[in-house]
Colleague: 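Pasting in a structure now, in structure tokens, and then I'll have a few things to ask.
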2 protein chains.
Amino acid sequence: MAAGNKRVRLDQQVIVEGVLELARMDPSSRITFKRLGEALGVDATAMYRHFRNKDELTRAALDRLIGAAADAGRNAPGNWRERLEVFLFRLAELSLEHPSIASEGAIIDAAGPGDISADDLILELLTEGGLEGAALIKAYAAISGFSLSQGAALAQEAMSSEGVARDGSIPWIGSYGATNLADYPHVYAHRDALLAISGMDVYRAGVTAILDATERAAEDSIRIA
Amino acid sequence: MAAGNKRVRLDQQVIVEGVLELARMDPSSRITFKRLGEALGVDATAMYRHFRNKDELTRAALDRLIGAAADAGRNAPGNWRERLEVFLFRLAELSLEHPSIASEGAIIDAAGPGDISADDLILELLTEGGLEGAALIKAYAAISGFSLSQGAALAQEAMSSEGVARDGSIPWIGSYGATNLADYPHVYAHRDALLAISGMDVYRAGVTAILDATERAAEDSIRIA
DNA sequence: ACCTGAACACCGTTCAAGT
DNA sequence: ACCTGAACACCGTTCAAGT
């Protein structure tokens with residue numbers, strides 16, 4: 001069972017799929033060349049024939065995730081906002097399902113075809129919504145920056161609390177432990193509500209805020225035109 | 001000059017300050033117990049007397065950064081939105097000045113006094129803006145989630161492009177390299193504008209979008225009341 | 001009580017050697 | 001052309017030994 005011993009011929013595609021599978025099946029442990037080699041039935045160093053280093057490999061895997069989320073958004077029904085939401089939440093789901101990839105920092109700009117495909121989708125939907133020029137670029141920046149960095153945060157959260165449900169329901173704030181909240185009256189007043197916030201709540205709140213503002217900007221620019 | 005050889009008595013405070021200094025002076029290399037020990041004139045393993053592991057140490061250092069940003073926001077003039085912006089941009093600056101700390105993933109919830117202080121500030125300012133109940137908690141979630149994850153993304157960007165200006169002016173998108181943009185008409189149409197986006201532009205776009213939406217929600221809840 | 005230093009189990013990466 | 005395996009330089013962490 002598990003992954004091991006396929007012994008197919010290696011190439012970039014096969015390796016990336018191996019990384020994704022490893023990340024899915026073993027969500028709480030880091031991606032390692034050794035573990036990847038075992039899963040593919042190949043020596044740990046064989047990957048260097050196909051990727052310059054680990055960063056490039058992780059980049060390629062993340063790019064695949066982003067591309068898959070973009071496909072989901074592109075094929076979804078609904079108006080521009082609804083399809084954007086499908087893309088954004090699919091990316092969050094995929095990040096939670098592959099935490100060891102999505103959390104591997106240092107990669108905001110996967111720079112592969114999946115990444116560009118997602119950028120194109122975001123721009124297409126925002127244009128459909130009526131945005132153009134500087135407002136379009138700003139909305140694009142807010143959305144693409146948010147989705148990647150917040151997806152990484154979600155994934156890190158899922159990795160560090162191993163064994164816990166991978167649906168984003170992990171509390172965002174662990175606890176206030178020994179800290180005396182007397183000096184922090186607002187935190188004290190809302191402590192129960194704050195502790196009840198999950199990682200996915202945070203993601204959802206961010207998406208809603210950004211898309212509300214975007215929708216507003218779109219309405220304004222249509223009214224002006 | 002440089003860090004080395006102080007040989008003071010160790011304690012949590014001294015170690016955290018050492019980490020922050022190391023991160024400031026040597027922004028493109030990772031924090032290491034060995035390097036930290038050299039800077040403090042102490043064996044690499046001496047830190048284990050004061051912190052359970054590296055994660056706890058990094059957490060404490062990040063907590064200090066967040067606390068400093070909260071102090072800046074608390075002491076700033078202006079209305080709630082302006083003071084929130086001071087906090088958010090100060091946090092981005094501090095992340096860029098200490099990239100090896102801010103980028104050290106796995107830490108969304110520093111869970112220390114600085115973190116709680118920042119939470120209290122955010123809640124205070126949002127309350128001042130007229131938010132309460134569920135709308136308050138949602139706005140808090142969007143803002144705190146955004147600031148931490150986007151700050152980490154900014155820091156990772158600063159670390160990977162070593163030597164480049166630490167002011168967030170690094171391009172968000174590297175280049176489109178060899179990729180044929182023929183299949184991506186929207187990216188193609190806006191490629192120059194996209195390549196001109198900096199990391200700080202992305203941060204600013206996110207802050208503006210979230211605060212616009214928050215301001216709108218505050219106006220609504222005041223009108224209803 | 002606090003720090004040292006050897007030791008351990010792992011990393012990513014390089015490179016000569018195999019097939 | 002592609003993969004192996006030894007080797008290297010580094011990690012975080014543990015623990016017995018020093019002072």
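Residue numbers begin at 1 in each chain, while the letters A, B, ... track the order of the sequences.
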Colleague: Counting heavy atoms from C-beta on, name the nucleotide in C/dC3, D/dT4, C/dT14 closest to the side chain of B/Leu10.
Modeller: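 In terms of side-chain proximity for B/Leu10, the closest of C/dC3, D/dT4, C/dT14 is C/dC3.
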Colleague: Can any side-chain N or O of B/Asp120 pair as donor or acceptor with the backbone N or O of B/Ile116 at less than 3.5 Å?
Modeller: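 No: the side chain of B/Asp120 does not pair with the backbone of B/Ile116.
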Colleague: Let's see if you can work this out: which of D/dT13, C/dC3, C/dC11 has an atom nearest to the side-chain heavy atoms of A/Lys34?
Modeller: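 Nearest nucleotide to the side chain: C/dC11.
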Colleague: Look at the side chain of B/Thr45 against the base of D/dG12 and say whether a donor-acceptor pair falls under 3.5 Å; ignore hydrogens and angles.
Modeller: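 Answer no: no donor N or O sits under 3.5 Å from an acceptor.
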Colleague: Taking pairing as Watson-Crick or G-U wobble with both contacts under 3.5 Å, can you name the mate of C/dC3, or confirm there isn't one?
Modeller: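 For C/dC3, the partner nucleotide comes out as none, under the 3.5 Å rule.
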Colleague: Ring centroid separation for B/Tyr203 and B/Phe146, is it under 6.0 angstrom?
Modeller: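 Yes, close enough.
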Colleague: Do B/Ser198 and B/Asp201 pass the side-chain hydrogen bond (donor to acceptor under 3.5 Å, both in side chains) test, and can you show the C-alpha distance, the side-chain angles, and the key distance before you say yes or no?
Modeller: CA-CA 5 Å; B/Ser198 73; B/Asp201 289 334; 3.2 Å; yes
Colleague: Taking for each residue the nucleotide of DNA chain C with the nearest heavy atom, is it A/Ile31 or B/Ala44 whose nucleotide lies nearer the 5' end?
Modeller: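 The 5'-side residue here is B/Ala44.
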Colleague: Partner lookup for D/dC11, please. Criteria are Watson-Crick or G-U wobble with both distances under 3.5 angstrom; report none if nothing qualifies.
Modeller: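 Base-paired to nothing in any strand shown.
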Colleague: With A/Arg90 as the cation and A/Phe87 as the aromatic partner, state whether NZ or CZ is under 6.0 Å from the six-membered ring centre and within 45° of the axis.
Modeller: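 Cation-pi check for A/Arg90 and A/Phe87: fails.
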Colleague: If only side-chain N and O atoms of B/Thr32 are considered, is one of them under 4.0 Å from the OP1 or OP2 phosphate oxygen of D/dC11?
Modeller: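 B/Thr32 to D/dC11 OP1/OP2: side-chain N or O found under 4.0 Å.
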Colleague: Return the nearest nucleotide to the side chain of A/Asp43; candidates are C/dC2, D/dT13, D/dT4.
Modeller: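 Of C/dC2, D/dT13, D/dT4, D/dT4 is nearest to the side chain of A/Asp43.
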Colleague: Is any side-chain nitrogen or oxygen of A/His50 closer than 4.0 Å to OP1 or OP2 of D/dC3?
Modeller: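 A/His50 to D/dC3 OP1/OP2: side-chain N or O found under 4.0 Å.
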Colleague: Considering only C/dG12, D/dT14, D/dC2, which nucleotide approaches the side chain of A/Arg30 most closely?
Modeller: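 From the listed options, C/dG12 comes nearest.
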Colleague: Give A/Leu36 one of three labels, base, sugar-phosphate or nothing, depending on what nucleic acid heavy atoms sit under 4.0 Å from its own.
Modeller: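 No contact at all - A/Leu36 keeps every heavy atom at 4.0 Å or more from the nucleic acid.
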Colleague: Would you please confirm or rule out a distance under 4.0 Å between OP1 or OP2 of D/dC11 and any side-chain N or O of B/Arg35?
Modeller: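 Affirmative; the distance criterion is met.
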Colleague: Taking only the side-chain heavy atoms of A/Asn53 (C-beta and beyond), determine which of C/dT13, C/dG12, D/dC11 contains the nearest atom.
Modeller: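 Output: C/dT13.
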Colleague: Among D/dT4, D/dC2, C/dG12, find the nucleotide with the atom closest to the side chain of A/Val42.
Modeller: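 Of all the options, the side chain of A/Val42 is nearest to D/dT4.
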Colleague: Step through it carefully: locate the ring centre of B/Phe33, locate the ring centre of B/Tyr48, and say whether they are under 6.0 Å apart.
Modeller: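 Close enough - the centres of the two rings lie under 6.0 Å apart.
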